[in-house]
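What follows is one structure encoded as structure tokens, with my remarks underneath.
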Amino acid sequence: MAFPKKKLQGLVAATITPMTENGEINFSVIGQYVDYLVKEQGVKNIFVNGTTGEGLSLSVSERRQVAEEWVTKGKDKLDQVIIHVGALSLKESQELAQHAAEIGADGIAVIAPFFLKPWTKDILINFLKEVAAAAPALPFYYYHIPALTGVKIRAEELLDGILDKIPTFQGLKFSDTDLLDFGQCVDQNRQQQFAFLFGVDEQLLSALVMGATGAVGSTYNYLGKKTNQMLEAFEQKDFSLALNYQFCIQRFINFVVKLGFGVSQTKAIMTLVSGIPMGPPRLPLQKASREFTDSAEAKLKSLDFLSFTDLKDGNLEVGS
Ligand SMILES: CC(=O)N[C@@H]([C@@H](O)[C@H](O)[C@H](O)CO)[C@@H](O)CC(=O)C(=O)O
């Protein structure tokens with residue numbers, strides 16, 4: 001039995017699903033992508049088929065194939081491969097959970113169903129429990145992303161007594177800015193060994209102070225190295241340096257957010273930084289514009305994010 005696993009910690013890249021110009025999945029670059037994350041970004045954990053991976057825009061068959069490819073190509077290179085198996089249909093979610101177990105994934109994560117929604121904690125827990133039960137040997141993570149699902153049940157409330165219902169519960173992926181909710185999740189579960197994974201990359205430092213044990217995000221695909229330096233500074237209790245790193249990362253994210261930032265733009269930036277073609281997003285998303293990519297490139301250069309030179313306390317005014 002694979003459970004319990006080593007605790008998921010550090011950076012987890014929310015992987016992009018590479019696509020061809022025809023809108024088909026481009027499986028051929030996933031091996032290269034794994035090597036890039038490990039060697040160039042120092043990121044050895046991945047979160048597949050989530051928001052960034054357009055998981056909900058893929059068919060079940062595509063989701064299975066994508067999961068399988070990441071697990072295969074990540075073998076002996078990655079530490080943990082977590083598969084997001086959330087879906088509107090409980091049956092589909094269970095199928096994907098079972099499949100994740102069969103292919104040897106390290107964990108599964110689930111968002112709240114977002115069309116016909118659960119309105120109470122108990123109903124949401126019942127849904128999650130049914131999915132988790134389809135993969136009883138796999139660590140289970142709840143993926144809290146209320147701005148996208150519209151399900152506003154507080155994570156703190158959801159975690160209260162969760163092990164009684166979902167014995168495989170291993171952690172929370174918290175993609176929200178409510179640090180009161182996040183902090184209380186940590187505070188009220190100190191006796192547990194849960195992973196608390198923060199999902200708002202531009203605010204990670206605040207979440208580390210609040211007790212985050214790791215982070216899942218889109219920017220760790222291409223800013224992983226820089227963010228790892230921030231984690232290292234935090235670990236060394238050099239909070240001033242950690243803050244400098246966070247501010248530097250914020251300058252980039254703030255810049256692209258003002259231009260309009262989402263999955264399409266993440267694909268464009270990753271293509272630019274890694275040189276691996278990520279292709280266009282799938283409808284209803286639209287490809288990032290040329291102007292966006294040019295502006296993002298100029299900003300990355302001005303912040304020295306393309307050469308990955310070490311950030312020192314003195315050079316923070318560059319590009320600000
Ligand atoms: C809404 C959204 O896509 N949030 C991203 C963040 O990494 C986000 O891109 C970043 O904080 C920049 O705003 C992640 O939380 C999403 C994520 O982990 C996923 O793709 O599953």
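First listed ligand is number 1; within each ligand, the first listed atom is number 1. All heavy atoms count here, side chains included; hydrogens, waters and symmetry mates do not.
Judged by distance alone, the side chains of Asn228 and Tyr220 never bring a donor and an acceptor atom under 3.5 Å apart.
By the 6.0 Å and 45° rule, Lys173 does not stack over the aromatic ring of Tyr141.
With sequence neighbours left out, Lys77 forms a salt bridge (charged side-chain N to carboxylate O under 4.0 Å, His left out) with Asp35. By the salt bridge (charged side-chain N to carboxylate O under 4.0 Å, His left out) test, Lys287 is found to be paired with Glu21, residues two or more places apart in sequence or in another chain being considered.
Aromatic rings of Phe196 and Phe174 (six-membered ring for Trp) have centroids beyond the 6.0 Å cut-off, not under it.
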What are the polar N/O contacts of ligand 1 with the protein below 3.5 Å, with distances?
unit_1	atom_1	unit_2	atom_2	d
ligand 1	7 (O)	Asp201	OD1	2.9
ligand 1	7 (O)	Asp201	OD2	3.0
ligand 1	7 (O)	Ser218	N	2.8
ligand 1	7 (O)	Ser218	OG	3.4
ligand 1	9 (O)	Ser218	OG	2.8
ligand 1	11 (O)	Asp201	N	2.9
ligand 1	11 (O)	Asp201	OD1	3.3
ligand 1	11 (O)	Glu202	OE1	2.6
ligand 1	13 (O)	Glu202	OE1	3.3
ligand 1	13 (O)	Glu202	OE2	2.9
ligand 1	15 (O)	Ser175	OG	2.9
ligand 1	15 (O)	Gly199	O	2.6
ligand 1	18 (O)	Lys173	NZ	2.6
ligand 1	20 (O)	Thr51	N	3.3
ligand 1	20 (O)	Thr52	N	2.6
ligand 1	20 (O)	Thr52	OG1	2.6
ligand 1	21 (O)	Thr51	N	3.1
ligand 1	21 (O)	Tyr143	OH	2.8

Which pairs would a plain distance check flag for residues 109-125, meaning a side-chain donor or acceptor within less than 3.5 Å of a matching protein atom at least two apart in sequence or in another chain?
unit_1	atom_1	unit_2	atom_2	d
Lys117	NZ	Phe114	O	3.1
Thr120	OG1	Ile123	N	3.2
Lys121	NZ	Glu157	O	3.1
Lys121	NZ	Asp160	O	2.8

